[in-house]
Amino acid sequence: GWHRDLPRPCLGEAFFCLEIAGLGLREMTSEIAVNSNTTARVLSGIQPSGVLHVGNYFGAIKQHIEHQDRFPGDAFYFIADYHSLTTVGDPQTLADQTQGVALDYLALGLDPAKATFYRQSDVPEVTELTWILSCVTGKGLLDRAVSYKDKVQQGINASVGLYTYPMLMAADILIVRSTMVPVGQDQTQHLEITRDIAGSFNSAYNTDMFPLPDTLLNDAAVVPGIDGQKMSKSYDNSVEIFATEAEIKAKVKRVKTSSTALGDPIDPDTDIVFQLFRLFGHPDEVEELRNGYLAGEIGYGKSKEMLRSVMTGYFEPYRARREELENDSDYVEDVLQEGAKRARAEARFTVDRVREIVGFSSSAGVGAAK
Ligand code: ADP
Ligand code: TRP
């Protein structure tokens with residue numbers, strides 16, 4: 001395929017390495033090269049459309065951070081701010097939430113020496129790729145997207161952007177030629193659409209330009225909210241990752257329970273307190289709650305107290321780090337800028353190839369990262 005035959009973009013690469021070395025991150029240099037082969041590569045995006053909650057953490061963020069060690073130099077995570085324009089109209093809110101997501105990820109363990117972390121809007125090449133891909137995508141494919149219908153039903157403005165949201169997401173994924181995308185269950189259709197689009201492009205132009213990415217789901221693919229529906233910032237049922245003790249206490253109090261009489265067994269598999277507890281608790285504690293429920297020895301008073309306690313403790317170690325980062329916005333900005341440079345080198349490489357493939361004859365010259 002093209003990946004092996006093409007010369008690597010050496011000039012851009014050398015320039016890039018030098019810059020990174022200048023920052024004292026020399027150990028990264030071997031991984032900075034634009035990757036032009038079929039290496040396993042993981043990418044995911046998270047929208048800055050609200051404050052991140054524990055559903056986002058267990059469904060997505062936790063595995064993002066784990067994967068940085070499995071695929072050092074080949075993990076790409078970005079803040080999907082172009083996507084959030086479909087729902088966030090206020091500029092200050094968008095800026096604040098973007099900063100919040102950056103702080104959360106870095107506090108929770110994202111390591112910029114292992115993963116490339118950037119703002120989507122710092123890589124404007126994705127919008128160009130979006131357009132090109134949209135020309136090989138049948139409209140019917142987007143007509144079948146359920147998230148569009150869901151969002152319109154929730155009262156979100158039915159803009160063209162909202163409609164073509166999955167196109168932009170496909171471009172995010174394909175522009176760095178990722179092979180794996182860790183997300184929660186609700187994103188699986190978007191990944192099917194992405195594979196469809198990648199396949200359409202490859203066959204329309206008789207190329208193997210784009211790998212077809214796999215969806216990576218973890219065992220918390222759907223975290224319930226305090227009302228038992230999928231936890232979502234839009235349903236008023238979420239618990240924020242960095243909620244205060246008082247907020248956690250109030251939320252746990254509101255967790256929906258069945259009307260089981262005290263002393264009667266509770267089915268852990270349908271119980272929301274248990275579904276949440278199993279994410280936070282140590283396996284031994286989870287067993288203890290399961291057995292206590294089944295034996296009728298633990299009721300909601302006790303289980304909610306157990307839940308409150310593990311929820312409060314779980315993110316405690318990350319809190320100090322987040323406060324530290326909050327006072328060091330220059331560092332956070334540097335991380336995002338460096339991430340953008342690296343992601344952009346990948347994006348430029350892909351887009352230059354794509355421009356050539358579709359027949360734009362000036363492709364070599366346009367904005368090349370040299
Ligand atoms: P929300 O539903 O609150 O709007 P997003 O759609 O912004 O959340 O989701 C961001 C990421 O978190 C996605 O990868 C999504 O799959 C994951 N996610 C969101 N809510 C949950 C949940 N309740 N359980 C598991 N994963 C979730
Ligand atoms: N649509 C995703 C969500 O709402 C966010 C997202 C945008 C994304 N682009 C992506 C996720 C690319 C994975 C890969 O959660």
Side-chain angles (χ1 to χ4, degrees), residues 43-50 55-56 59-60 76-91 93-95 97-98 101 118-176 178 181-205 209-210 212-215 222 229-235 343 347 350-351 354-355 358:
L43 168 138
S44 195
I46 195 132
Q47 289 195 72
S49 51
N56 299 137
F76 288 73
Y77 303 120
F78 66 94
I79 306 173
D81 51 359
Y82 279 137
H83 276 106
S84 285
L85 283 185
T86 58
T87 52
V88 183
D90 178 55
T93 304
L94 185 63
Q97 287 173 176
T98 300
V101 171
Y118 57 103
R119 273 179 299 241
Q120 185 185 30
S121 62
D122 285 339
V123 186
E125 285 81 0
V126 295
T127 62
E128 182 176 2
L129 185 60
T130 301
W131 174 256
I132 295 174
L133 294 175
S134 74
C135 296
V136 295
T137 305
K139 180 174 169 293
L141 189 66
L142 296 189
D143 287 338
R144 290 190 290 276
V146 296
S147 78
Y148 173 79
K149 292 170 208 161
D150 284 354
K151 287 174 180 172
V152 171
Q153 203 144 48
Q154 284 170 37
I156 294 171
N157 181 28
S159 64
V160 174
L162 191 69
Y163 184 72
T164 59
Y165 182 111
M167 293 293 330
L168 179 61
M169 181 159 163
D172 294 328
I173 296 167
L174 300 176
I175 208 160
V176 307
S178 14
V181 183
V183 283
Q185 184 76 51
D186 59 342
Q187 296 297 314
T188 51
Q189 193 193 26
H190 284 152
L191 263 296
E192 282 160 26
I193 292 173
T194 300
R195 282 190 291 275
D196 227 310
I197 293 171
S200 299
F201 184 90
N202 288 350
S203 66
Y205 291 102
M209 180 75 214
F210 295 120
L212 307 192
D214 291 317
T215 308
V222 187
Q229 285 189 83
K230 173 191 122 85
M231 184 178 291
S232 170
K233 62 183 163 294
S234 343
Y235 303 158
T350 304
V351 168
V354 165
R355 291 176 63 96
V358 302

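Keep in mind the model is a prediction, meaning the values are calculated, not measured. We number each residue from 1, following the sequence as shown.
- In terms of heavy atoms, A171 sits closest to V126 at CB-O, 3.6 Å.
- Here the closest heavy-atom approach between residue F210 and residue A198 is recorded as CB-CB, 3.9 Å.
- Side-chain atoms of Q187 never come within 3.5 Å of backbone atoms of T215 as a donor-acceptor pair (strictly under, hydrogens ignored).
- Residues forming a side-chain contact (heavy atoms from CB on, under 4.5 Å) with V222 (at least two apart in sequence, or on another chain): Q185, K230.
- For the residue pair P124 and S121, the shortest heavy atom distance occurs at CD-O, 4.0 Å.
- Taking both residues in full, the closest heavy atoms of L174 and T350 are given as O-CG2, 4.1 Å, listed atom of the first, atom of the second, then distance.
- Partners of L85 under the side-chain contact (heavy atoms from CB on, under 4.5 Å) rule, at least two apart in sequence or in another chain, are L94.
- Between M169 and L191, some side-chain heavy-atom pair lies under the 4.5 Å cut-off.
- With values rounded to the nearest 0.5 angstrom, I79 atom CD1 is found 12.0 Å from Q47 atom CD.
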Next on the checklist: Would F201 and V358 count as a side-chain contact (heavy atoms from CB on, under 4.5 Å) here? Give the steps.
Outcome noted: CA-CA 10 Å; F201 184 90; V358 302; 3.9 Å; yes

Item to check | Criterion side-chain contact (heavy atoms from CB on, under 4.5 Å) on Y148 and L162, from CA distance to verdict | outcome: CA-CA 7 Å; Y148 173 79; L162 191 69; 3.9 Å; yes

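- Rounded to the nearest 0.5 Å, atoms OG (S49) and NZ (K233) are 3.0 Å apart.
- With sequence neighbours excluded, the residues forming a side-chain contact (heavy atoms from CB on, under 4.5 Å) with A347 are V123, E125, I175, listed by chain and number.
- Taking CD1 of I197 as the reference point, atom CD of E192 lies at 12.0 Å (rounded to 0.5 Å).
- Listed for the K151 side chain is no donor-acceptor partner under 3.5 Å among the backbone atoms of Y163.
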